[in-house]
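Below, all heavy atoms of this structure are taken into account, side chains as well, without hydrogens, waters or symmetry copies. All residue numbers in this chain count up from 1 along the given sequence.
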Amino acid sequence: MKSKIVMIDDDETLCELVRVNLSPRGYEVIGINDSNEAVLAVQKNRPDLIILDIMMPGQDGYEVCKRLRKITEVPILFLTAKGREQDLVKGFEVGGDDYVRKPFSLRELEARISALIKRSKKSTANSDTTVLEYDDGFLRINLETKHVYRNGKMLHLTPTEYRLLACLVRNIGAVVTHEDLLKEAWGEGYTDAIASLSLYVRYLREKIEPDASNPRYIITKWGVGYWFSDQNQKDLEGENAETQTG
């Protein structure tokens with residue numbers, strides 16, 4: 001399986017150059033040219049590593065890194081034309097793991113990427129959680145503290161309800177099968193307990209949804225499983241963008 005990289009850089013040509021050169025070496029590179037789309041792109045793609053340019057229009061790489069560190073712990077590799085020590089220190093202070101100076105060689109870039117991913121996978125061998133928090137203003141789910149808030153009020157979820165919700169949020173925007181959800185919530189021996197799963201999903205919807213009969217978070221994929229919709233956060237991102245440009 002290819003390691004997935006999200007590259008955030010306003011230079012489309014550079015993103016394409018990196019993608020073309022790293023693809024034969026076992027990497028899938030997804031180029032994002034607008035820093036305002038960075039958080040949503042990382043949540044959707046769940047990369048193994050993030051390449052982040054510092055000098056970008058709008059939000060610079062430092063600000064983007066701060067935002068990303070609220071939702072993910074995957075390695076962040078800065079691309080920088082700045083060589084001053086204080087600039088590099090600032091990158092580490094906001095959560096960067098390493099840096100490559102521009103102009104760079106693709107061989108050096110690949111070596112840094114490989115080292116960071118190997119280190120990350122070794123340190124997270126017992127956990128595949130990359131998304132740490134979901135927050136659209138109405139529903140907030142913190143996977144570090146295991147706290148869930150609905151309209152500012154903390155909810156009480158049973159351990160089973162929480163495990164189901166956490167599994168869906170970690171896979172935001174993607175369908176999770178009945179079998180995988182049952183393994184996550186109950187264990188290997190309960191993969192045929194779909195009726196119990198449906199019941200718990202109903203309980204969970206009653207707690208987190210504005211209208212449980214018309215869910216906007218936990219969506220059913222009939223005959224397959226469920227998925228946690230990222231549309232609510234997309235709408236929030238859109239509103240924020242309109243506010244900034246309006």
Legend entry - K2 atom NZ: more than 12 heavy-atom contacts under 6.0 Å: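 Yes, because the 6.0 Å sphere around NZ of K2 holds more than 12 heavy atoms from other groups.
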Please answer: with hydrophobic residues joined when any side-chain heavy atoms are less than 4.5 Å apart, are [X] and [Y] in the same cluster?
X	Y	result
M7	L106	yes
Y226	V224	no
L79	V20	no
V175	V169	no
W227	V176	no

Under 3.5 Å donor-acceptor, [X] side chain and [Y] backbone:
X	Y	answer
D136	L139	yes
N142	H147	no
R150	L155	no
R67	E63	no
K4	Y27	no

Legend entry - Trace of the salt bridge (Lys or Arg N to Asp or Glu O under 4.0 Å) decision for K90 with D60: CA-CA 12 Å; K90 183 177 180 180; D60 64 21; 5.2 Å; no
Could you tell me which non-hydrogen atom of [X] sits nearest to which non-hydrogen atom of [Y], and how far apart they are?
X	Y	answer
M56	I8	SD-O, 3.8 Å
G61	L52	O-CD2, 3.3 Å
S35	P57	OG-O, 3.7 Å
V74	P47	CG1-O, 3.3 Å
P75	D97	CA-OD2, 3.1 Å
K70	E133	O-CB, 3.8 Å

Inset, instruction - Give the intermediate values and the outcome of side-chain contact (heavy atoms from CB on, under 4.5 Å) for residues V201 and L181. - result: CA-CA 10 Å; V201 167; L181 282 168; 5.7 Å; no
Inset, instruction - Starting from the C-alpha separation in whole Å, work towards a yes-or-no answer on salt bridge (Lys or Arg N to Asp or Glu O under 4.0 Å) for D98 and R112. - result: CA-CA 8 Å; D98 200 356; R112 297 293 182 92; 3.1 Å; yes
Hey, what do you get for [atom1] ([X]) to [atom2] ([Y]), rounding to the nearest 0.5 Å?
X	Y	atom1	atom2	value
I172	L40	CD1	CG	7.5 Å
D9	D34	CG	CG	12.0 Å
C65	I54	SG	CD1	9.0 Å
E209	L204	CD	CG	8.0 Å
E28	L22	CD	CG	12.0 Å
S213	E206	OG	CD	10.0 Å

Inset, instruction - Report yes or no: is the cationic atom of R216 (NZ for Lys, CZ for Arg) under 6.0 Å from the centre of the six-membered ring of F138, at an angle within 45° of the ring normal? - result: yes
Inset, instruction - Could you go through the side-chain contact (heavy atoms from CB on, under 4.5 Å) check for I76 and V94 one step at a time? - result: CA-CA 10 Å; I76 295 178; V94 297; over 6 Å; no
Inset, instruction - Please work out which of the three classes, parallel, tilted or perpendicular, describes the rings of Y217 and Y134, given edges at 30° and 60°. - result: perpendicular
Legend entry - Candidate list L165, N171, I219, test side chain to side chain contact (heavy atoms under 4.5 Å, CB included), partner F228, passing option: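 Result: among L165, N171, I219, L165 is the only option passing the side chain to side chain contact (heavy atoms under 4.5 Å, CB included) with F228.
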Inset, instruction - Test R101 against D53 for salt bridge (Lys or Arg N to Asp or Glu O under 4.0 Å), laying out the working first. - result: CA-CA 10 Å; R101 286 191 178 96; D53 187 25; over 6 Å; no
Inset, instruction - Under the side-chain contact (heavy atoms from CB on, under 4.5 Å) rule, what do I30 and I5 come out as? Steps first, then yes or no, please. - result: CA-CA 6 Å; I30 300 159; I5 297 170; over 6 Å; no
Inset, instruction - Could you check if a side-chain atom of T72 sits within less than 4.5 angstrom of a side-chain atom of I50, using non-hydrogen atoms only? - result: yes
Inset, instruction - Determine, step by step, whether R19 and E16 satisfy the salt bridge (Lys or Arg N to Asp or Glu O under 4.0 Å) criterion, reporting the C-alpha distance in whole Å, the side-chain angles of both residues, the deciding distance to 0.1 Å, and the verdict. - result: CA-CA 5 Å; R19 186 193 69 78; E16 180 63 11; 2.7 Å; yes
Inset, instruction - Take N36 and Q59 through the test side-chain contact (heavy atoms from CB on, under 4.5 Å) and record every step on the way to the result. - result: CA-CA 7 Å; N36 292 319; Q59 291 188 331; 4.2 Å; yes
